[in-house]
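In the text below, chain A, chain B and the rest are named by the order of the sequence lines, each starting its count at 1.
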Number of protein chains: 2
Amino acid sequence: MFSKACEYAIKATIYIADQSNRGRRVGLKDISKQIASPEAFTAKILQQLARNQIVDSIKGPNGGFAIDSGKMSKIKLSQVVLAIDGDSVYKGCGLGLKECSAKQPCPVHEKFKVVRDELRKMLESTTIWELSLGLKTGLTFLHR
Amino acid sequence: MFSKACEYAIKATIYIADQSNRGRRVGLKDISKQIASPEAFTAKILQQLARNQIVDSIKGPNGGFAIDSGKMSKIKLSQVVLAIDGDSVYKGCGLGLKECSAKQPCPVHEKFKVVRDELRKMLESTTIWELSLGLKTGLTFLHR
DNA sequence: TAAATAAAGGACAAATTTATCCTTTATTAT
DNA sequence: ATAATAAAGGATAAATTTGTCCTTTATTTA
């Protein structure tokens, strides 16, 4: 469904959000350990997230990554996916056709539309903030 | 969502089904032309589909690929996806966790479950036969 | 039986994704 | 100012996916 890079991006964003909620800024090492991802690769992904203003990055001693508390309830899961994988997974044709529409549909168009719209609705309505709540309460997990 | 190989596999299967319905056996060249896919790569994919008994392959003059008319209404789209990409896209965790369950859920578990179950239901209930109908009536298309 | 046809399969190549390493830049604290 | 810290970024490598080429095998027809 999503690329590995995108999976890491989602996990990292949620983890940073949770830590920001607890008033903690988190470093790359901590993040990649918590989400069980390769450090240098995760760094690249965090750079993309920072460029897309999904996370804030702070250089130097006591630096790290953070997400503004007010902002995290506005950031949608779709924005993270868009930044890393693009929007084709939740907007494109299921068979990869460039020109696929109700007028000129692929064979799975109607059936797939239902699923894709459900996915899109979920991604565009779910916030990073709500996904971080489970980590706070210990009800959700980022690895295994 | 699906790999390119899987997209080609789905298109090829539907095309072969349609042609089988018209009483025609189709060759690799014809298939890859119709679904706009690289010929040799498509050959590999067709081999996988044949090994998984999704299509029949016949060697020699007047050979090609076919799907038994009785069988194509029993073959589900999920079987094609399973043969090429495996079942993780419609059964696995959205964040790629190996151990993700209601008991130990990832942060997107509940939200993603709705989408994944919808996808699974669609793939497991949709037959190759019904997907081939649109080609016959000219209402659906395999390229562009 | 021989020639022609078409898929199967092996070996290889290109492209993309995933991953690593090392240097540079920005920031903080001493 | 200097040293220490941590992210940014460039170069490169490994792994996987996608794609190509050529030989082998099975089958049909002449």
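Where B:Arg51 and A:Asn62 meet DNA chain C, the nucleotide closest to each residue was compared, and B:Arg51 sits on the side nearer the 5' end. With the nearest nucleotide of DNA chain C identified for both B:Ile58 and A:Pro61, B:Ile58 has the one nearer the 5' end.
With B:Arg116 contributing its side chain and B:Gly92 its backbone, the two residues share a donor-acceptor pair below 3.5 Å.
Set against D:dT18, D:dA8, C:dA8, the side chain of B:Ser3 has D:dT18 as its closest nucleotide. Checked against C:dT18, D:dA8, C:dA8, the side chain of A:Ala50 finds its nearest nucleotide in D:dA8.
Spacing between atom CD of A:Gln48 and atom P of C:dT18 amounts to 11 Å, rounded to whole angstrom units. The separation between B:Glu7 atom CD and D:dG19 atom C1' is 15 Å, rounded to whole Å. Rounding to whole angstrom units, CD1 of residue B:Ile84 and P of D:dG19 are separated by 14 Å.
Look at B:Glu130 and A:Lys111 and you find a salt bridge, because one of the NZ, NE, NH1 or NH2 atoms lies within 4.0 Å of a carboxylate O, short of that distance. For B:Lys121 and B:Glu118, the salt-bridge test passes: some basic side-chain N is under 4.0 Å from an acidic carboxylate O.
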Would you list the atom pairs, donor with acceptor, under 3.5 Å between side chains in residues 135-144 of chain A and any protein atom, with sequence neighbours excluded?
unit_1: A:Thr137; atom_1: OG1; unit_2: A:Leu133; atom_2: O; d: 3.3
unit_1: A:Thr137; atom_1: OG1; unit_2: A:Gly134; atom_2: O; d: 3.2
unit_1: A:Thr140; atom_1: OG1; unit_2: A:Leu135; atom_2: N; d: 3.3

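Distances shown here put a side-chain N or O of B:Tyr8 below 4.0 Å from the OP1 or OP2 atom of D:dG19.
Taking each heavy atom of A:Thr127 and A:Ser73 in turn, the nearest pair found is CG2-O, 3.2 Å.
For DNA chain D, the residues of residues 30-47 of chain B within the heavy-atom distance limit of 4.0 Å (strictly under) are B:Pro38, B:Ala40, B:Phe41, B:Lys44, sorted by number.
Between the side chain of B:Lys59 and the base of D:dT25, a donor-acceptor pair under 3.5 Å is found.
Under the 4.5 Å side-chain criterion, counting only non-hydrogen atoms from C-beta, A:Asp68 is not in contact with A:Met72.
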